Structures are given as structure tokens and as C-alpha cells.
K.L.:
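For reference, the structure I am asking about is given below.
Bear in mind that the values here come from a model prediction, so they are computed numbers and not experimental data. Values reported hereafter were calculated over all heavy atoms of this structure, with side chains retained and with hydrogens, waters and symmetry mates removed.
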Amino acid sequence: MEIVFATNNINKLKEVNEIAEGSGISFILPPEGFNPEETGSTFAENSYIKAAAAAKLSGKVSLADDSGLCVEALNGAPGLYSARYAETRTLRIERLLKELSNISNRNAQFICCMTLVSPDGQVLNRTTGFCKGHITNAPHGNNGFGYDPVFVPENYNITIAEMNETDKNNISHRGNALRQMINYILNTNL
């Protein structure tokens, strides 16, 4: 079964296909011209906007995620604006570490909301996944993307960027949300 995954990010597409491996579901990129504006005020709203745009463009059932890093001491920031917190990945990490420089509470969590949408724009299912942990004082590791070099998951002593793909996918917010969604898809006649 093929489902459109509403992203232009090849790394994210690769990651969801690795998580879905063996399920009988494969994810493909949306058609050319996919570029919706994320105007929602929640992860759920943004995931719907992306999934509905991909479904309309492709005429196929589409799945989208919206995710971000929510830091307790920063009242949930960068949150919805995680990818727009600064111009580049390096600058986003630098900004985050600077804002936490004199703060002892470094608790944080990644949140991922996924929405599955029919070609006519109807929400078929929505799932949410979490990965709790804390922010380090400096980046470590070269794997992954986003804030992975400064995030240590609960019960680990290394950052996500120091993990291999299999370990990351087993505990990640995206992996948790996607496994719930795959379970729904496999138990529903789409």
C-alpha cells in the first residue's frame, strides 16, 4: 500500500519508510507543486494543512506530521516554531543553548502530531507521539537532524545525534506517532 507523505524533506521521508519497513506500507513524496503555508496554531492544525494539501494535489490518501521541540523552562518554546527559530540548524541550536545558559531546568520533549486525510480532505485519523528528555550544554553527535545533537532522551546518556537510526526510530516522537498510525491503517480498509 502506498500513501503520500506530505513533505518535501527527503530525510523525513527516508525516516518514515525505515520505521514502516515490513508493514506493507510505503510512503511517497507528494506531486510537484506541494508547498502549503503552515498557518496553524497547533501541531495538529499544521499537520492537517499539509496532509489536506497533499491529498488534494495527489488525489490519494495522505499523511503529514508536524513536530517540534518543547522546552519546559522556555514555556514550550521553540515549539511550533522549532524549524523557524533561526535561519539555520546551527543558529537554532546556538539560540536554544544561549537561552538556557543560566537555567538549571533543561527538561524538554519532542512532540509529533500526525494526521491522515482522505482525498476529499476528511480527517481519517490523528496520532501524537512524544519523546521526553533534556537539553545538553553543548552539541554532541553527527546523526539525525534538527535539535538531535542537544537532546538526550529519558533513560539514555547520549544525544539522539549519537544514536544509530534504528535506536532513534524506536524511541522518537515521530516513530511513536507513526507506529500508532500504521496500526490504524492496517486495521482499517482505506
K.L.:
Let's go through T159 and T136 carefully: what are the C-alpha distance in whole Å and the side-chain angles of both, what is the deciding distance for side chain to side chain contact (heavy atoms under 4.5 Å, CB included) to 0.1 Å, and is it a yes or a no?
P.N.:
CA-CA 8 Å; T159 67; T136 60; 3.9 Å; yes
K.L.:
Check whether any side-chain heavy atom of T128 sits under 4.5 Å from a side-chain heavy atom of I111, and report yes or no.
P.N.:
yes
K.L.:
Please report the closest heavy-atom contact between P149 and R89, naming both atoms and the distance.
P.N.:
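Nearest pair, atom of P149 first, then R89: CG-NH2, 2.8 Å.
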K.L.:
Heavy-atom count around E21 CD within 6.0 Å, excluding the residue itself: above 12?
P.N.:
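No, because the 6.0 Å sphere around CD of E21 holds 12 heavy atoms or fewer from other groups.
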K.L.:
With sequence neighbours left out, what residues match N176 under side chain to side chain contact (heavy atoms under 4.5 Å, CB included)?
P.N.:
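With neighbours one apart ignored, the set is R179.
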K.L.:
Say whether, by atom type as modelled, one donor and one acceptor occur between the side chain of T127 and the main chain of Q180 under 3.5 angstrom.
P.N.:
no
K.L.:
Less than 4.5 Å apart, any side-chain heavy atom of P139 and any of L97?
P.N.:
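Result yes, sub-4.5 Å side-chain heavy-atom pair found.
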K.L.:
Would you confirm whether D167, through its side chain, and M163, through its main-chain N or O, come within 3.5 Å as a donor-acceptor pair?
P.N.:
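Not confirmed, D167 side chain does not pair with M163 backbone.
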K.L.:
Quick one: ring-ring contact (aromatic ring centres under 6.0 Å, His included) pairs with a partner in residues 87-109, sequence neighbours left out?
P.N.:
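Counting only pairs at least two positions apart or across chains, no ring-ring contact (aromatic ring centres under 6.0 Å, His included) contact touches residues 87-109.
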K.L.:
When the side chains of residues 22-39 are checked against the rest of the protein, which donor-acceptor pairs come out under 3.5 Å, sequence neighbours left out?
P.N.:
residue, atom, partner, partner atom, Å
S23, OG, A20, O, 2.6
S23, OG, I25, N, 3.1

K.L.:
CG of D148 to CD1 of I93: how many Å apart, nearest 0.5 Å?
P.N.:
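The CD1 atom of I93 is 8.5 Å from CG of D148, to the nearest 0.5 Å.
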K.L.:
Under 3.5 Å, is there a donor-acceptor pair between the T7 and N9 side chains?
P.N.:
no
K.L.:
Quick check: are there more than 12 heavy atoms from other residues, nucleotides or ligands sitting under 6.0 Å from CG of N11?
P.N.:
yes
K.L.:
Where is the tightest heavy-atom contact between C113 and S47, given as atom of each residue plus distance?
P.N.:
O-CB, 3.5 Å
K.L.:
Would you mind listing every ring-ring contact (aromatic ring centres under 6.0 Å, His included) that reaches into residues 125-165, with sequence neighbours excluded?
P.N.:
F110-F151
K.L.:
State yes or no: do L178 and L69 share one hydrophobic cluster built from I, L, V, M, F, W and Y residues joined by side-chain heavy-atom distances below 4.5 Å, directly or via other members?
P.N.:
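No, it is not one cluster - the side chains of L178 and L69 are not joined through contacts under 4.5 Å.
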K.L.:
According to a 4.5 Å side-chain heavy-atom criterion applied to Ile, Leu, Val, Met, Phe, Trp and Tyr, with indirect links allowed, do L74 and Y81 form part of one hydrophobic cluster?
P.N.:
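No: no chain of side-chain contacts under 4.5 Å links L74 to Y81.
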K.L.:
For N137, check side chain to side chain contact (heavy atoms under 4.5 Å, CB included) against everything at least two apart and list the hits.
P.N.:
R106
K.L.:
Whether the side chain of S62 engages the backbone of A55 through a donor-acceptor N/O pair (distance < 3.5 Å, no angle test) should be reported.
P.N.:
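Yes.
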K.L.:
Is the shortest side-chain heavy-atom distance between V152 and N157 below 4.5 Å?
P.N.:
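Side chain of V152 against side chain of N157, heavy atoms only: no contact under 4.5 Å found.
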K.L.:
Heavy atoms, side chains only, cut-off 4.5 Å: are L124 and V117 in contact?
P.N.:
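The answer is no, as the side chains (C-beta and beyond) never meet within the 4.5 Å cut-off.
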K.L.:
Could you pull out all residues at least two apart from N187 that satisfy side-chain hydrogen bond (donor to acceptor under 3.5 Å, both in side chains)?
P.N.:
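In terms of side-chain hydrogen bond (donor to acceptor under 3.5 Å, both in side chains), with neighbours along the sequence ignored, N187 is linked to N183.
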K.L.:
Determine whether M181 and L13 fall in the same hydrophobic cluster, where Ile, Leu, Val, Met, Phe, Trp and Tyr are linked whenever their side-chain heavy atoms lie under 4.5 Å apart.
P.N.:
yes
K.L.:
To the nearest 0.5 Å, what is the distance between OG (S67) and CZ (F43)?
P.N.:
7.0 Å
K.L.:
Looking only at non-hydrogen atoms, find the nearest pair between K132 and Q109 and report the distance.
P.N.:
NZ-OE1, 3.5 Å
K.L.:
When rounded to the nearest 0.5 angstrom, what is the spacing between CG in N105 and CG in L100?
P.N.:
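Taking CG in N105 and CG in L100, the distance rounds to 8.5 Å.
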K.L.:
Check the hydrophobic clustering (I, L, V, M, F, W, Y; side-chain heavy atoms under 4.5 Å; chains of links allowed) and say if V150 and I160 are grouped together.
P.N.:
yes
K.L.:
Sequence neighbours left out, what passes side chain to side chain contact (heavy atoms under 4.5 Å, CB included) with S104? Give chain and number order.
P.N.:
none
K.L.:
Ignoring hydrogens and angles, tell me if any N or O in the side chain of N46 forms a donor-acceptor pair with the backbone of G40 under 3.5 Å.
P.N.:
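Checking the backbone N and O of G40 against the side chain of N46, a donor-acceptor pair under 3.5 Å is found.
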K.L.:
Please identify each residue that fulfils side-chain hydrogen bond (donor to acceptor under 3.5 Å, both in side chains) with R126, with sequence neighbours left out.
P.N.:
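Listed in chain order: T115.
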K.L.:
Looking only at non-hydrogen atoms, find the nearest pair between A86 and R92 and report the distance.
P.N.:
O-NH1, 2.9 Å
K.L.:
Quick one: side-chain hydrogen bond (donor to acceptor under 3.5 Å, both in side chains) partners of Y85, sequence neighbours excluded?
P.N.:
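Y85 satisfies side-chain hydrogen bond (donor to acceptor under 3.5 Å, both in side chains) with E99 only.
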K.L.:
Would you say V123 and F5 are hydrophobically clustered, going by side-chain heavy atoms of ILVMFWY under 4.5 Å?
P.N.:
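No, it is not one cluster - the side chains of V123 and F5 are not joined through contacts under 4.5 Å.
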K.L.:
Has the side chain of Q122 got a donor or acceptor atom that lies under 3.5 Å from a matching backbone atom of S118?
P.N.:
no
K.L.:
Test question: given the 4.5 Å side-chain rule for I, L, V, M, F, W and Y, name all other residues clustered with L91, or answer none.
P.N.:
none
K.L.:
On a heavy-atom basis, which atom in E15 and which in K168 lie closest, and how many Å separate them?
P.N.:
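Minimum heavy-atom separation between E15 and K168: OE1-NZ, 3.2 Å.
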K.L.:
When you measure from the side chain of T188 to the backbone of I185, do you find a donor-acceptor pair of N or O atoms at a distance under 3.5 Å?
P.N.:
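Flag not set: sc T188 to bb I185 has no pair under 3.5 Å.
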K.L.:
Roughly how far apart are K12 NZ and N17 CG, rounded to 0.5 Å?
P.N.:
13.5 Å
K.L.:
I'd like to check the side-chain hydrogen bond (donor to acceptor under 3.5 Å, both in side chains) partners of E94; sequence neighbours left out, ordered by chain and number.
P.N.:
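With neighbours one apart ignored, the set is empty.
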K.L.:
Among pairs that include at least one residue of residues 49-61, which meet side chain to side chain donor-acceptor pair (under 3.5 Å), considering only residues two or more places apart or in two chains?
P.N.:
K50-D66
K.L.:
I need the minimum non-hydrogen distance between E162 and G141, along with the two atoms involved.
P.N.:
CG-CA, 3.6 Å
